[in-house]
Amino acid sequence: MDGKRKTILFKLFGSSVSFMRRCLFSVLSVGPVPNHLAFILDGNRRYAKKWNLGEGMGYRAGFLSLMSLMKYCYELGVKYVSIYAFSIDNFRRRPEEVQYVMDLMLEKIEGMLKEESLVNQYGVRVYFIGNLKLLHEPVRLAAEKAMKATSNNNNSILLICVAYTSTDEIVHAAQQSCEDKWAAIQSSVNIKDSQDGEEKDTNDVIKLSDIESHMYMRVAPDPDILVRTSGETRLSNFLLWQTSNSLLYSPKALWPEIGLRHLVWAVLNFQRAHPYLEKRRKQP
């Protein structure tokens, strides 16, 4: 009987907390709600050291925080969530640490495909963003499978940046733009000559839209808020192209410590700065 009472009390408490959170989000929704939140998941290893945990346990604790934060974002009505999960530079870490992260990533990707997962509960479409050929093959294949399995979901979008740096993304986009433009020039039969010689075809010039159409992040609008935990203010080569008009928020909490209060504070700061940010975005 005691066990049954505890179960009932636990459910009642959970329902009360969920109701209070929905009320809080209803109040926040009176103002502008960010369409896209991006997160740099900083502090997993420091969290493990702080609490004398195994290094891998910091990443596992960080994953639990990620699931909670994603749930809050989707309940609030945030359409796009981007996370900086693993940088290209992170491959320089100790091989055993890299292998642990790859194994954990594989485990969690496979968990995404389960019917009861958060991804399926909220109708989330998953994109893996970055130079995916650098991933260990089992992880890359699992990522491709997850993207295909969630391709019909359209309620929300989760962008997981792995084997990613912004400089790699920009170089890739520039290279692809040059290759496409050169192929178009080679196949063109409409070369016009003017009195002064060959007339320059404006279609031969690489435009901003050409570069952006080849960005890894072309599937999402620019972030409204970029959050980096652990009090760091560096962007660490993350979304350098896309964050020129984004609000930056750097809570001192390590990533596994991030919670609802941090999300609420980030949204309140965004709402306060929204008129200025909108004005900047509209400037030519």
Side-chain angles (χ1 to χ4, degrees), residues 37-51 53-67 69-70 80-112 126-147 158-173 175 215-217 219-220 223 226-243 246 248-258:
L37 263 69
F39 297 93
I40 299 176
L41 319 185
D42 191 21
N44 292 310
R45 293 190 297 175
R46 275 171 283 176
Y47 178 84
K49 185 176 181 180
K50 176 180 177 180
W51 295 103
L53 303 173
E55 195 172 81
M57 294 306 295
Y59 291 108
R60 290 192 175 273
F63 179 79
L64 294 176
S65 295
L66 173 62
M67 291 297 101
L69 207 63
M70 281 174 52
Y80 297 87
V81 174
S82 296
I83 61 170
Y84 199 11
F86 199 79
S87 164
I88 291 176
D89 297 333
N90 291 151
F91 283 107
R92 300 174 188 166
R93 292 180 177 178
R94 292 180 293 106
E96 56 270 25
E97 181 182 351
V98 173
Q99 185 62 53
Y100 183 89
V101 173
M102 290 293 119
D103 291 343
L104 179 62
M105 200 177 297
L106 179 60
E107 174 189 327
K108 299 309 178 183
I109 293 172
E110 290 174 345
M112 283 182 185
V126 178
Y127 287 97
F128 286 85
I129 302 294
N131 194 346
L132 301 186
K133 67 178 182 287
L134 298 178
L135 294 173
H136 295 184
E137 186 175 5
V139 179
R140 179 179 57 78
L141 293 176
E144 291 172 354
K145 183 178 179 182
M147 287 191 284
L158 172 63
L159 302 108
I160 303 173
C161 297
V162 292
Y164 173 93
T165 61
S166 195
T167 47
D168 177 74
E169 177 184 33
I170 294 167
V171 169
H172 164 81
Q175 288 174 338
M215 286 287 190
Y216 296 140
M217 288 290 292
V219 295
L226 175 61
V227 180
R228 176 168 186 159
T229 49
S230 74
E232 296 285 350
T233 54
R234 294 175 293 110
L235 296 183
S236 294
N237 216 343
F238 182 52
L239 302 184
L240 302 181
W241 186 280
Q242 296 87 356
T243 52
S246 301
L248 304 180
Y249 174 49
S250 303
K252 291 185 178 179
L254 303 174
W255 175 254
E257 298 169 338
I258 195 168

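Heavy-atom basis, side chains included; hydrogens, waters and symmetry copies ignored. Note that the structure is predicted; figures quoted are calculated from it, not measured.
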**Item:** Aromatic plane relationship, H172 with Y216 - under 30° parallel, 30 to 60° tilted, over 60° perpendicular
**Value:** parallel
**Request:** Apply the test side chain to side chain contact (heavy atoms under 4.5 Å, CB included) to residues L106 and M102: give CA-CA distance (whole Å), side-chain angles for both, the deciding distance (0.1 Å), then the verdict.
**Result:** CA-CA 6 Å; L106 179 60; M102 290 293 119; over 6 Å; no
**Item:** A220 backbone acceptor or donor facing Y127 side chain under 3.5 Å
**Value:** no
**Item:** Close side-chain approach of L134 and Y164, heavy atoms under 4.5 Å
**Value:** no
**Asked** Just wondering, do L66 and K108 contact through their side chains at under 4.5 Å, heavy atoms?
**Response** no
**Item:** From CA spacing to verdict: side chain to side chain contact (heavy atoms under 4.5 Å, CB included), L41, I258
**Value:** CA-CA 10 Å; L41 319 185; I258 195 168; over 6 Å; no
**Complete:** To the nearest 0.5 Å, atom CG of D89 lies from atom CZ of R92 at 4.5 Å
**Message:** With rounding to the nearest 0.5 angstrom, report the CG to CZ distance, L69 to F39.
**Reply:** 4.0 Å
**Over all atoms of both residues, closest heavy-atom pair of N44 and G62** = OD1-CA, 3.4 Å
**Prompt:** Does some side-chain heavy atom of F86 sit less than 4.5 Å from a side-chain heavy atom of V98?
**Reply:** yes
**Check against side chain to side chain contact (heavy atoms under 4.5 Å, CB included), S166 and L239** = CA-CA 5 Å; S166 195; L239 302 184; 5.6 Å; no
**Spacing of CD belonging to E169 relative to CH2 belonging to W241, to within rounding of 0.5 Å** = 9.0 Å
**Request:** From the options L235, T165, L226, select the one residue that forms a side chain to side chain contact (heavy atoms under 4.5 Å, CB included) with Y84.
**Result:** T165
**Message:** As a quick check of understanding, evaluate side chain to side chain contact (heavy atoms under 4.5 Å, CB included) for R94 and Y100, giving each step before the final call.
**Reply:** CA-CA 10 Å; R94 292 180 293 106; Y100 183 89; over 6 Å; no
**Prompt:** So, do L254 and T229 sit near enough that their side-chain heavy atoms are less than 4.5 Å apart?
**Reply:** no
**Asked** What heavy-atom pair brings P256 and G58 nearest, and what distance separates the two atoms?
**Response** CG-O, 3.9 Å
**Request:** Assess whether atom CD of E96 is packed by more than 12 heavy atoms of other residues, nucleotides or ligands within 6.0 Å.
**Result:** yes
**Prompt:** Would you say K145 and M112 make side-chain contact, with heavy atoms under 4.5 Å?
**Reply:** no
**Request:** Check whether any side-chain heavy atom of Q99 lies under 4.5 Å from a side-chain heavy atom of H136, and answer yes or no.
**Result:** yes
**Request:** Provide the closest heavy-atom pair for M147 versus L132 in the form atom of the first, atom of the second, distance.
**Result:** CE-CD1, 4.0 Å
**Request:** Measure the spacing between CG of L159 and CE of M217 and express it to the nearest 0.5 Å.
**Result:** 5.0 Å
**Request:** May I ask you to test the Y59-R45 pair for a side-chain heavy-atom distance under 4.5 Å?
**Result:** yes
**Message:** Restricting to salt bridge (Lys or Arg N to Asp or Glu O under 4.0 Å), what partner residues turn up for D168, sequence neighbours left out?
**Reply:** none
**Fill in**
dist S82:OG -> Q242:CD (nearest 0.5 Å) comes out at 9.0 Å
**Item:** Where N237 and L240 come nearest, the two heavy atoms and their spacing
**Value:** OD1-CD1, 3.6 Å
**Prompt:** Residues in salt bridge (Lys or Arg N to Asp or Glu O under 4.0 Å) with K50, at least two apart?
**Reply:** E257
**Asked** Below 4.5 Å, heavy atoms only, C-beta onward: do I88 and T167 meet side chain to side chain?
**Response** no
**Complete:** Closest heavy-atom pair, I40 versus W255, reported as atoms and distance to 0.1 Å, is O-CE3, 4.5 Å
**Message:** I need the minimum non-hydrogen distance between I83 and F238, along with the two atoms involved.
**Reply:** C-CZ, 4.3 Å
**Item:** Point-to-point distance, once rounded to the nearest 0.5 Å, from CZ of R140 to NZ of K133
**Value:** 10.5 Å
